[in-house]
Chemist: 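This is the structure, below, for whatever I ask next.
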Amino acid sequence: MKTIFIIIMIFLFTACSDNAIISKSKTELKNVQCMRLVVFPPNKFLSETMHQLYTFDEHCKYKLSVSQKSGIVCNSNQNTDKKILANFPSGYIRLNLSNGSKAIFSYYRDLTHRANKEDLKKAFKSLQIELK
């Protein structure tokens, strides 16, 4: 019961946040020599932009999943003041690097607009910094 309460409280305080959230496994990141790209759902803009940033290898065991969504409406009552007084997020961009089912790197950022090239560059740069 206590665990459920903690999860609910974390969700309430982080619902529709506009800060980038990055999680990583530093030991696994040291082993990444290549990546294959998976864009889901398929999106020509995301795929083309990512291919401009990196040369992906379709046979690599490390999978970089990229997704974005726009037009999201957050119904949380905890954010009423932010909805009224600020640009409230209506979408997100997400990058996940994994080896099989093991997550190695994750990037998530709320957006107030549809993902653009600069958003993708910023997200991918955060991954490149960790890979060095």
Side-chain angles (χ1 to χ4, degrees):
M1 182 70 174
K2 186 177 180 181
T3 305
I4 294 172
F5 176 74
I6 292 171
I7 292 171
I8 291 171
M9 292 307 293
I10 290 171
F11 175 75
L12 289 176
F13 287 111
T14 61
C16 298
S17 170
D18 63 346
N19 297 327
I21 300 169
I22 299 174
S23 62
K24 59 194 173 222
S25 168
K26 288 192 177 201
T27 54
E28 277 289 323
L29 283 168
K30 293 178 188 176
N31 300 324
V32 177
Q33 300 297 317
C34 62
M35 293 181 280
R36 67 183 160 96
L37 179 64
V38 175
V39 178
F40 188 81
N43 181 304
K44 184 178 178 182
F45 168 74
L46 292 178
S47 183
E48 287 177 356
T49 303
M50 293 305 293
H51 279 288
Q52 292 172 2
L53 299 174
Y54 185 80
T55 303
F56 293 96
D57 177 0
E58 288 299 315
H59 304 289
C60 187
K61 67 179 182 175
Y62 295 99
K63 175 176 74 170
L64 180 64
S65 301
V66 180
S67 63
Q68 70 92 32
K69 182 117 177 155
S70 58
I72 298 172
V73 177
C74 182
N75 295 320
S76 172
N77 291 333
Q78 302 296 320
N79 297 308
T80 305
D81 58 334
K82 292 179 186 174
K83 289 180 196 179
I84 294 170
L85 300 173
N87 286 338
F88 200 73
S90 61
Y92 68 82
I93 185 168
R94 178 178 299 169
L95 274 68
N96 291 311
L97 180 63
S98 60
N99 181 4
S101 62
K102 185 176 183 182
I104 298 171
F105 176 89
S106 180
Y107 175 97
Y108 175 90
R109 181 169 173 237
D110 284 329
L111 301 172
T112 57
H113 54 275
R114 185 174 200 84
N116 58 38
K117 282 188 179 187
E118 291 306 312
D119 297 320
L120 289 168
K121 285 179 185 178
K122 185 176 182 177
F124 192 71
K125 185 175 183 176
S126 67
L127 172 59
Q128 286 180 313
I129 289 169
E130 297 300 328
L131 291 173
K132 292 182 180 182

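Just so it is clear, the model here is predicted, and its values are computed rather than measured. For the single chain, residues carry numbers from 1 onward in sequence order.
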Chemist: To the nearest 0.5 Å, what is the distance between NZ on Lys24 and CD1 on Ile129?
Modeler: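 It comes to 9.5 Å.
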Chemist: Looking at Tyr92, is Arg94 sitting on its ring face, NZ or CZ under 6.0 Å from the six-membered ring centre and within 45 degrees of the normal?
Modeler: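 Flagged: Arg94 positioned over aromatic ring of Tyr92.
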Chemist: With distance as the sole test, does Thr49 use its side chain to make a donor-acceptor pair with the main-chain N or O of Leu46 at under 3.5 Å?
Modeler: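 Not a single qualifying donor-acceptor pair exists.
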Chemist: I need the minimum non-hydrogen distance between Ile104 and Ser98, along with the two atoms involved.
Modeler: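 Where Ile104 meets Ser98 most closely, the heavy atoms are CD1-C, 4.0 Å.
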Chemist: Hey, what do you get for OG (Ser67) to CD1 (Ile93), rounding to the nearest 0.5 Å?
Modeler: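 Going from the OG atom of Ser67 to the CD1 atom of Ile93 covers 8.0 Å.
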Chemist: Quick one: do Tyr62 and Asp57 satisfy side chain to side chain contact (heavy atoms under 4.5 Å, CB included)? Show the steps, please.
Modeler: CA-CA 9 Å; Tyr62 295 99; Asp57 177 0; over 6 Å; no
Chemist: Any idea which heavy atoms bring Tyr54 and Gln33 closest together, and the distance?
Modeler: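 Answer, listing the atom of Tyr54 first, then Gln33: OH-O, 3.9 Å.
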Chemist: With a 4.5 Å limit on heavy-atom distance, are the side chains of Phe105 and Ile22 in contact?
Modeler: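 Of all side-chain heavy-atom pairs linking Ile22 with Phe105, at least one is under 4.5 Å.
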Chemist: Set out, in order, the CA-CA distance, both residues' side-chain angles and the distance that settles side chain to side chain contact (heavy atoms under 4.5 Å, CB included) for Met35 and Leu131, then state yes or no.
Modeler: CA-CA 11 Å; Met35 293 181 280; Leu131 291 173; 4.2 Å; yes
Chemist: Do Arg36 side-chain atoms and Cys60 backbone N/O form a donor-acceptor pair below 3.5 Å?
Modeler: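 Pair found, side chain donor or acceptor close to backbone of Cys60.
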Chemist: To the nearest 0.5 Å, how far apart are CG in Asn96 and OH in Tyr107?
Modeler: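 If we round to the nearest 0.5 Å, Asn96:CG and Tyr107:OH are 12.5 Å apart.
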Chemist: Should Glu28 and Val32 be marked as a side chain to side chain contact (heavy atoms under 4.5 Å, CB included) after you check the CA-CA gap, both sets of side-chain angles, and the distance that decides it?
Modeler: CA-CA 7 Å; Glu28 277 289 323; Val32 177; over 6 Å; no
Chemist: Would you say the side chain of Gln128 lies within less than 4.5 Å of the side chain of Leu53, judging by non-hydrogen atoms?
Modeler: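 A side-chain contact under 4.5 Å is absent here.
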Chemist: Would Val66 and Phe124 count as a side chain to side chain contact (heavy atoms under 4.5 Å, CB included) if you check the C-alpha gap in whole Å, the side-chain angles of each, and the deciding distance to 0.1 Å?
Modeler: CA-CA 10 Å; Val66 180; Phe124 192 71; over 6 Å; no
Chemist: For the residue pair Phe45 and Lys117, what are the closest heavy atoms and their distance?
Modeler: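 So the two residues come closest at CZ-N, 3.6 Å.
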Chemist: Can you get from Phe56 to Leu95 by hopping between Ile, Leu, Val, Met, Phe, Trp and Tyr side chains that sit under 4.5 Å apart?
Modeler: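 Linked, Phe56 and Leu95 end up in one cluster.
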Chemist: With rounding to the nearest 0.5 angstrom, report the CG to CG distance, Leu127 to Leu97.
Modeler: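 The CG atom of Leu97 is 6.0 Å from CG of Leu127, to the nearest 0.5 Å.
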Chemist: Side chains of Asn99 and Asn31: does their closest heavy-atom pair fall under 4.5 Å?
Modeler: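 Not touching, per the 4.5 Å side-chain cut-off.
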Chemist: State, to 0.1 Å, how close Leu37 and Met50 come at their nearest heavy-atom pair, and which atoms those are.
Modeler: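 Heavy-atom minimum between the residues: CD2-CB, 3.8 Å.
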